[in-house]
Amino acid sequence: CAGQQPQPPTAAEQSAMQLQNWTIRGKLGVRSPTDNGSANLTWEQQAAPNYRIHLSGPLGAGATVISGSPGGVSLKRGDEPPLQARNPAQLTMETLGWPLPVNEMFYWVRGLPAPGGASNQQRNAQGQLQSLRQSGWQLNFSEYQNRGPYVLPTRIKAETRAAAGPVKVTLVIKEWLF
Amino acid sequence: DATDDLSRLLQPLGAISGKFQQTLIDERGKVLQKSRGKFSVQRPGKLRWETGAPFPQLLVTNNKKLWLYDPDLEQVTVRPVDKRMKDTPALLLGGKVEEIRGSFNVSSKEGAYQLTPKNAQAPFKTMEIRFSKAGLPSAMTVRDSMGQTTKIKFSGMTANPKLSSSIFNFKPPAGTDVIRDE
């Protein structure tokens with residue numbers, strides 16, 4: 001069907017591909033068999049793979065920092081020593097009980113498919129990515145907004161089936177800073 | 001001693017309502033987020049902490065259940081209030097004054113009270129609370145074990161306002177994803 005052959009990227013997508021550094025402030029909601037909750041999120045992205053994702057609850061409680069570097073990813077929480085791994089989704093699955101696929105989110109957060117197999121791409125009337133299946137995740141993008149020279153999604157829902165059951169992650173972006 | 005002084009200040013405050021400005025600063029000293037909102041607290045253990053746009057979020061507890069509602073995510077988690085919750089900073093204002101000595105080591109310097117939880121699992125490492133001349137809390141600074149600092153400035157404070165218990169309960173709007181975390 002039409003969704004199969006990848007159409008050429010739209011002008012908006014081409015410009016989003018140039019966007020490599022940002023600070024995002026918003027909310028992250030998680031629903032999973034082992035952990036449920038919502039957190040304030042601050043994502044500082046320098047040139048990939050350098051990033052820092054800070055999650056915290058009301059009054060700054062329960063802060064968690066996930067930081068990526070060329071060497072891999074580390075997760076720091078409370079006074080526990082930082083935990084290291086190669087892959088953020090695997091590290092967050094082991095420590096938080098649900099995977100956060102940060103490597104792919106680097107693309108998804110800009111309304112772009114990540115490199116590698118992406119299927120069932122559906123686009124809206126403006127040619128913006130509306131849904132996608134990739135790396136075992138079903139993604140839904142909505143509420144695209146103009147931010148500076150870019151048109152970016154501000155609500156992303158992602159679902160996957162982890163061993164223990166379904167995991168739903170919702171990212172709501174309130175501020176994009178470049 | 002400092003605990004008695006702090007208890008004397010908190011004792012007459014059976015309830016407080018006011019506004020807050022909150023600044024979240026990470027261990028590098030970088031401001032992560034600024035937010036503002038309003039709150040009401042009532043002894044024992046009742047709290048409503050409502051953060052406004054752009055990061056709206058509502059924390060409500062009636063001392064039995066605790067709701068954390070996020071309108072952006074259309075999600076509310078409901079948890080029974082457990083011991084760990086007793087150590088959250090804002091609940092200090094609504095906590096039983098006699099429990100302060102049991103839960104915290106208190107020292108004071110130039111009118112500011114420093115509290116260090118005796119329970120190692122408490123969600124914060126130190127908390128400082130300052131009072132206005134009128135004897136109402138004016139600021140609270142919370143530091144956690146990751147070096148993160150939450151600075152809260154209070155304003156428009158009312159001591160012992162008449163509060164209906166309904167504000168310490170929460171009914172999720174239609175369509176909200178209710179997550180029970182027993």
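Residue numbers start from 1 in every chain, and the chains themselves are labelled A, B, ... in the order their sequence lines are given, proteins ahead of strands.
- Summarising the geometry of B/Asp72 relative to A/Lys174, their closest heavy-atom pair is OD1-NZ, 2.8 Å, with the distance given to 0.1 Å.
- Using modelled atom types, one finds a donor on one side chain and an acceptor on the other under 3.5 Å when comparing B/Gln148 with A/His54.
- Within a 6.0 Å radius of NZ in A/Lys76, more than 12 heavy atoms belonging to other residues, nucleotides or ligands are found.
- Within the 4.5 angstrom heavy-atom criterion, only backbone atoms of A/Arg77 (N, CA, C, O) approach chain B.
- Per-residue counts of heavy-atom pairs under 4.5 Å with chain A were compared for B/Asp70, B/Ile152, B/Thr77; the largest is that of B/Asp70.
- The minimum heavy-atom distance linking A/Gly78 with B/Met146 is given by the pair O-CG, 3.1 Å.
- In the displayed structure, B/Arg36 atom CZ is contacted under 6.0 Å by at most 12 heavy atoms of other residues, nucleotides or ligands.
- Residues B/Pro56 and A/Lys27 meet the side-chain proximity criterion, which asks for heavy atoms closer than 4.5 Å.
- In the hydrophobic clustering of this structure, B/Leu59 groups with B/Met127; members are Ile, Leu, Val, Met, Phe, Trp, Tyr whose side-chain heavy atoms approach within less than 4.5 Å, directly or through other members.
- Both B/Val142 and B/Tyr113 belong to a single network of hydrophobic side chains, linked directly or stepwise wherever heavy atoms of I, L, V, M, F, W or Y lie under 4.5 Å apart.
- Counting heavy-atom pairs closer than 4.5 Å to chain B, the top-ranked of the candidates A/Gly62, A/Pro58, A/Ser56, A/Gly26 is A/Pro58.
- Linking Ile, Leu, Val, Met, Phe, Trp and Tyr residues whenever their side-chain heavy atoms come within less than 4.5 Å places A/Ile173 and A/Leu28 in a single cluster.
- Two different hydrophobic clusters hold A/Leu100 and B/Leu32 under the rule that ILVMFWY side chains link at heavy-atom gaps under 4.5 Å.
- Annotation for B/Leu73 and A/Ser38: closest pair CD1-CB, 3.4 Å, computed over non-hydrogen atoms.
- Most heavy-atom pairs under 4.5 Å with chain B, from the set A/Leu171, A/Asp35, A/Val30: that is A/Val30.
- When B/Thr149, B/Thr51, B/Asp181 are compared by the number of non-hydrogen pairs under 4.5 Å with chain A, B/Asp181 comes out ahead.
- Summarising the local packing, NZ of B/Lys118 is surrounded by more than 12 heavy atoms from other residues, nucleotides or ligands at distances under 6.0 Å.
- Contacts between B/Ser145 and chain A at a heavy-atom distance below 4.5 Å involve backbone atoms as well as side-chain atoms.
- Heavy-atom distances place the side chain of B/Leu24, and not its backbone, under 4.5 Å from chain A.
- Expressed to the nearest 0.5 Å, how far OG1 of A/Thr170 lies from CD of B/Gln75 amounts to 6.5 Å.
- In this structure, A/Asn36 CG and B/Asp177 CG are separated by 8.5 Å, a value rounded to the nearest 0.5 Å.
- Salt bridge B/Glu27/A/Arg52: present, at least one basic N to carboxylate O contact under 4.0 Å.
- Among all heavy-atom pairs drawn from B/Gln22 and A/Leu59, the shortest one is OE1-CA, 3.8 Å.
- Using a 4.0 Å cut-off between a side-chain N of Lys or Arg and a carboxylate O of Asp or Glu, A/Glu44 and B/Arg28 qualify as a salt bridge.
- At a 4.5 Å heavy-atom cutoff, the contact between B/Lys30 and chain A is made by side-chain atoms alone.
- Under the 4.5 Å side-chain contact rule for hydrophobic residues, B/Phe39 and B/Leu58 do not share a cluster.
- With a threshold of 4.5 angstrom between heavy atoms, A/Glu175 approaches chain B through side-chain atoms but not through N, CA, C or O.
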